[in-house]
Number of protein chains: 2
Amino acid sequence: MRTVTIADVAKHAGVAVSTVSYVLSGKRAISATTSQRVMQSVRALGYHPNAGARALASKRSNVIALVLPLRAGMHLPVLMQFATSVVTTARQFDHDVLLMTADEGPDGLRRVAASALVDGLVLMDVEIHDPRVPLLRELEEPSVLIGFPADASGLTCVDLDFARAGAICADHLASLGHREIALLGAPNVVYKRGTGYAERTMEGFVEAGQAHGMTAVAWPCEESFDEVCATVKALLEEHPALSGLVVHNEAAVGHVLGALRVLGKRVPEDMSVVAICPDDVAERASPPLTSVLIPAADVGHQAVRLLMAKLEGSTVPPATLLEPRLTIRQSTRKH
Amino acid sequence: MRTVTIADVAKHAGVAVSTVSYVLSGKRAISATTSQRVMQSVRALGYHPNAGARALASKRSNVIALVLPLRAGMHLPVLMQFATSVVTTARQFDHDVLLMTADEGPDGLRRVAASALVDGLVLMDVEIHDPRVPLLRELEEPSVLIGFPADASGLTCVDLDFARAGAICADHLASLGHREIALLGAPNVVYKRGTGYAERTMEGFVEAGQAHGMTAVAWPCEESFDEVCATVKALLEEHPALSGLVVHNEAAVGHVLGALRVLGKRVPEDMSVVAICPDDVAERASPPLTSVLIPAADVGHQAVRLLMAKLEGSTVPPATLLEPRLTIRQSTRKH
DNA sequence: GAGGTCTGTCGAAGCGCTTCGACGGTGTAT
DNA sequence: ATACACCGTCGAAGCGCTTCGACAGACCTC
């Protein structure tokens, strides 16, 4: 069973090869009757254009690269959500997604770009000083970054507005009358790496808190139960009047709740808790947590949308910040 | 800056195009001096073969498809680990990975296969009665499945030996002198879907338990804290003498521990707990849990290895079961 | 009704690579 | 010396597709 080529379709439909191509691509006007006849032949023969040939002739592979970090300290479920939305959106634009890990480094990017394997790139978890960033500027292929490097000039970046997310948490707690609040963040290693979003959340939180005249502190937080316990305990010792807690660490959310239970702090009676995490984690907790959603699906969608626009030659805004959304559940109350 | 082609390299090195090709592929003997000269030119010009042209001429894209489920009830982190190992292993074989979600269904597979976009497929989370399975048999492209459909004839499947995993847990608890044990499994929806691994774990657990003359029961378990609490409570009411608990639900592991704490059961003094989950989750818990590792990385590695073997025309075993490994930590003790 | 403009279709020229058969040149056996 | 094998290299023929220029015919316009 030799695979069906465009020539087979052309013969079957009684037209020229180029006509079939134009019917399929719509790049030239074709009469309705011819078009129908061709489409019928396509279906009858089960024709699927050969991706390699198409790429070779058109200089477009219709594949984009998705570069995921896959390192310690990442929020895996969020990542997955994100990847899903990238794939789904890409398919809507008739593109497929090549999955790459960051550990091939800049060479990996160069390889797929230079070999014309992909038309464009979406990179996740970009670091403040990322060795891949200078390369991206050189590349012919357009790219979109999730997150912001220190120097974002000449690049297209998308991200949740983490500073706003931190600020929104502080605002919410302020509006409830809390005066002393804290944020528990990512593990230390994430800050060391300079990933950016963690810092920005902290800054937004602290600034907003101070603007409200509150005492607002931000601590990193490891992810094991025992360490979370120790951190929460230390935090309470240093700030006995603490009544509002923001947790920006998906893996630690459950542990923080457990720790508060162990330390005899009821939620929300003694301590209001806001989480920055996906909705399902917040809903699954007990009590269900007031949370700021990380709109992973939206970020992925926007990233692909921007990339497609660039592929078509449009100019796009260099920075796209997605507005965080607070959902009030049962873990926060008036103080 | 036009992209460098093999003709440029040939001219630069003063040889024929075909000679360059043979140097690069090693498919014919080339003298050391010529070979070196060519490689120098390759480096000097920064040559990267065009993937489309290569695929067209050689009928090999050097890309494999990875089909992930991305549905409710999956253990996301495990999935991610798995994906990583697939990508890494594929790269070792000089292949890239195309990421697909299951929601395009069989058509998606047909599309990438018929378009010669990929040379082979790795499918995850195969269901007992999976609509994609019959299609796989028809496809020219080889494939490897993670998990076992009801009818695995003509297919190549890899998986953790979940029945053994369940059994090992029961064995371990038996050896510690426990007489009444239970397994908390996946949410009900997973069983309804007929994913296979969940059932097999339960069966292995129950059979081994009975073989030891123990009372062994298996319950499904939802993933919210409150529902976990209710389930554990109901379980203890029905089996007051219960002293060993196996949790095969990554998302619920933390909640089960919390629930036991709430119900006044100490671990391991009053209740031995074994988890079937990745090591990091077990280590992060308090106390660190005795656990059976799901060797996601290994499964991914094996899957790719088998696929590559099939691509080279070797025949491979139809079923590969990976042996689970019990790591004893601090959550189990003599009864 | 001559000239011009569209429309719809065709043929052919690549795109950059692999691979097959051919062919000098060198080494080995007769 | 002759025959033969083999080694290293070359040239050319595709792989299946897109796209450009050409062109016949239909339709206007003055």
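Every chain is numbered from 1, with letters handed out A, B, ... down the list of sequences.
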| B:S314 (side chain) donor-acceptor with B:A309 (main chain) under 3.5 angstrom | yes
| message | Between A:L117 and B:N62, is there a side-chain heavy-atom distance shorter than 4.5 Å? | response | no
| note | Applying side-chain hydrogen bond (donor to acceptor under 3.5 Å, both in side chains) to B:D96 and not counting sequence neighbours gives A:R111
| So, A:S21 side chain and A:V17 main chain: donor-acceptor pair closer than 3.5 Å or not? | no
| Is the closest side-chain heavy-atom distance between B:Y47 and B:D8 below 4.5 Å? | no
| said: So for the helix from C:dG1-D:dC30 to C:dT30-D:dA1, with five pairs setting each end axis, what is the inter-axis angle to 10°? | reply: 40°
| Under a 4.5 Å cut-off applied to non-hydrogen side-chain atoms, are B:L24 and B:M39 in contact? | yes
| field | Under 3.5 Å: donor-acceptor pair, side chain of A:S85, backbone of A:F82 | value | yes
| note | For nucleotides 15-20 of chain C, 5' to 3', base contacts (B), sugar-phosphate-only contacts (S) and non-contacts (-) with protein non-hydrogen atoms under 4.0 Å give BBBBBB
